[in-house]
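Reviewing the structure listed below.
Residues take their numbers from the sequence shown, with the count starting at 1. Every heavy atom of this structure was used, including side-chain atoms; hydrogens, water molecules and symmetry mates were not.
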Amino acid sequence: MPSLARLALAGLCLAIVAGCSSTSGKVDPTAGWSAERLYSQARSDMGSGNWSDARKNLEALEARYPFGIYAQQSLIDQAYVNWKDEEPEQAKAAIDRFLQQYPNHPGSDYMLYLKGMITFTPPSAILSNITRQDPSERDPKGLRESYEAFNELIKRYPDSRYTPDARKRVAWLVNTIAENEVHIAQYYYERGAYVAAVNRAQTVVTDFQGAPIVEKALYVMMLSYQKLDMPNLADDAKRVLDKNFPNSKYYKQGLNEPKSAWNPINWL
């Protein structure tokens, strides 16, 4: 009997502890809310710049009501909220999920535009206003992702209201990506990797015809072939350089560009 009493007492204590732990948890204030109410609150949070609460309400909306117009709009707004809150990876995940689930949605053009914007103006771009770093000197991965998203928008939705702005950004991105390739070519040249320098410079000449930086790419090719003791190829590069850029500035100034305080990221 004493053993049974002790077991009963132990069980009662466990029940009391379990009850206390369950009542001490946080109560979800949105429990039982309709999809319309969740979305209305999320929009209110967005309007006041409360990105954290907006994200929670939008995620709750998507989880509780995965079908219907509010679920679709919640993904669009999640992408925007995460972009504004400097969470680019979460924003891209929301966009990719949306485009996969709703490929023919009327808002697909906006989502592609937003995807381009996410990597076009990453959080690190804020620092370039202070450091005056040339955007082409940064990691080109984000630039290429931005280019691909804008280019897809232009091809799929040529009449979209976002397309004219996307075209301007693509033009800038093409020049910037080409400049990045030339930065790498120069890096290889200055370290004696002349074959690698030629390959990078050749990519710019063939893939980015019309970009101003092609002038420097041809100059790098000429110098690299000279170092490789390939006079015929060096002469070919010089001939193309002189034909397209008479009296090239690089003959006088060399490879190092004068630093400028102007930064195109400020006006795009």
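- Closest approach of Phe150 and Ala166 over heavy atoms only: CD2-CB, 3.8 Å.
- Under the 4.5 Å side-chain criterion, counting only non-hydrogen atoms from C-beta, Leu143 is not in contact with Thr119.
- Taking both residues in full, the closest heavy atoms of Leu112 and Ala149 are given as O-CB, 3.7 Å, listed atom of the first, atom of the second, then distance.
- The minimum heavy-atom distance between Leu75 and Arg97, with the atom names listed, is CD2-NH2, 3.2 Å.
- Put simply, the side chain of Lys216 gets close to the backbone of Leu255: a donor and an acceptor are under 3.5 Å apart.
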Self-check item: Full working for side-chain contact (heavy atoms from CB on, under 4.5 Å) between Arg55 and Leu58
Solution: CA-CA 5 Å; Arg55 183 186 299 108; Leu58 290 168; 5.9 Å; no
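- Sorted by first and then second residue, the salt bridge (charged side-chain N to carboxylate O under 4.0 Å, His left out) pairs involving residues 187-212 (not counting sequence neighbours) are Glu181-Arg200.
- Checking side-chain atoms of Thr176 against main-chain N and O of Trp172 turns up a donor-acceptor pair under 3.5 Å.
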Exercise. Could you please spell out the steps behind the side-chain contact (heavy atoms from CB on, under 4.5 Å) verdict for Tyr250 and Leu241?
Key: CA-CA 10 Å; Tyr250 292 103; Leu241 175 61; 5.8 Å; no
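- Here Glu179 contributes atom CD and Asn175 contributes atom CG; the two are 6.0 Å apart, rounded to the nearest 0.5 Å.
- For the atom pair CG of Leu153 and CG of Asp165, the computed distance is 9.5 Å after rounding to the nearest 0.5 Å.
- Contact check on Arg239 versus Asp235 returns no salt bridge, with no Lys/Arg side-chain nitrogen under 4.0 Å from an Asp/Glu carboxylate oxygen.
- To the nearest 0.5 Å, atom NZ of residue Lys249 and atom CG of residue Asn247 are 13.5 Å apart.
- In this structure the side chain of Met221 reaches within 4.5 angstrom of the side chain of Val205, judged on heavy atoms.
- For Ser48 (side chain) and Asp45 (main-chain N/O), a donor-acceptor pair under 3.5 Å exists by modelled atom type.
- For the atom pair OG (Ser44) and CG (Asn57), the distance works out to 9.5 Å, reported to the nearest 0.5 Å.
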Quiz item: Are Glu89 and Lys92 close enough, and set up right, to give a salt bridge (charged side-chain N to carboxylate O under 4.0 Å, His left out), and what steps lead you there?
Solution: CA-CA 5 Å; Glu89 294 306 318; Lys92 286 189 288 184; 3.3 Å; yes
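- Around the CD1 atom of Ile69, the shell of radius 6.0 Å holds no more than 12 heavy atoms that belong to other residues, nucleotides or ligands.
- Under the ring-ring contact (aromatic ring centres under 6.0 Å, His included) criterion, the residue pairs touching residues 186-214 are Tyr189-Tyr194, with sequence neighbours excluded.
- Look at Glu148 and Arg144 and you find no salt bridge, because none of the NZ, NE, NH1 or NH2 atoms lies under 4.0 Å from a carboxylate O.
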Quiz item: Stepwise, does the salt bridge (charged side-chain N to carboxylate O under 4.0 Å, His left out) test hold for Asp109 with Arg156?
Solution: CA-CA 8 Å; Asp109 60 339; Arg156 289 179 56 186; over 6 Å; no
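- A heavy-atom distance below 4.5 Å is found between the side chains of Gln72 and His105.
- Across all their heavy atoms, Met222 and Ala234 have their closest contact at CG-O, 3.7 Å.
- Shortest non-hydrogen contact noted between Ile213 and Ala178 is CG2-CB, 3.5 Å.
- Phe120 CZ to Leu114 CG: the interatomic distance, rounded to the nearest 0.5 Å, is 13.5 Å.
- Pairs engaging residues 29-39 under the side-chain hydrogen bond (donor to acceptor under 3.5 Å, both in side chains) rule: Asp28-Thr30, Thr30-Arg64, Tyr39-Asp77 [sequence neighbours left out].
- Linking ILVMFWY residues whenever their side-chain heavy atoms come closer than 4.5 Å, directly or via other members, leaves Ile184 and Tyr147 in distinct clusters.
- A donor-acceptor pair shorter than 3.5 Å cannot be found between the side chains of Glu62 and Ser74.
- Between Met117 and Arg169 the shortest side-chain heavy-atom distance falls below 4.5 Å.
- A donor atom on one side chain and an acceptor atom on the other are found under 3.5 Å apart for Asn256 and Gln186.
- Put simply, the side chain of Ile95 reaches to within 4.5 Å of the side chain of Ile118, judged on heavy atoms.
- Using a 4.5 Å heavy-atom threshold, the side chains of Phe245 and Val214 count as touching.
- Using modelled atom types, no side-chain atom of Ser108 and backbone atom of Asn104 make a donor-acceptor pair closer than 3.5 Å.
- We find the OG1-CD1 distance between Thr203 and Ile177 to be 13.0 Å, quoted to the nearest 0.5 Å.
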Quiz item: Run the side-chain contact (heavy atoms from CB on, under 4.5 Å) check on Trp51 and Tyr80 step by step: do they pass?
Solution: CA-CA 10 Å; Trp51 308 122; Tyr80 177 80; 4.2 Å; yes
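- Here the shortest heavy-atom pairing between Gly116 and Ser146 reads O-OG, 2.8 Å.
- Between the side chains of Asn50 and Asp53, at least one donor-acceptor pair of N or O atoms lies under 3.5 Å.
- Annotation: side chain of Asp96 is in contact with side chain of Lys115 (closest heavy-atom distance under 4.5 Å).
- When side chains are defined from C-beta on, Tyr113 does not count as touching Tyr157, because their heavy atoms never get closer than 4.5 Å.
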Self-check item: Working for side chain to side chain donor-acceptor pair (under 3.5 Å), residues Tyr225 and Asp236
Solution: CA-CA 10 Å; Tyr225 281 132; Asp236 287 343; over 6 Å; no
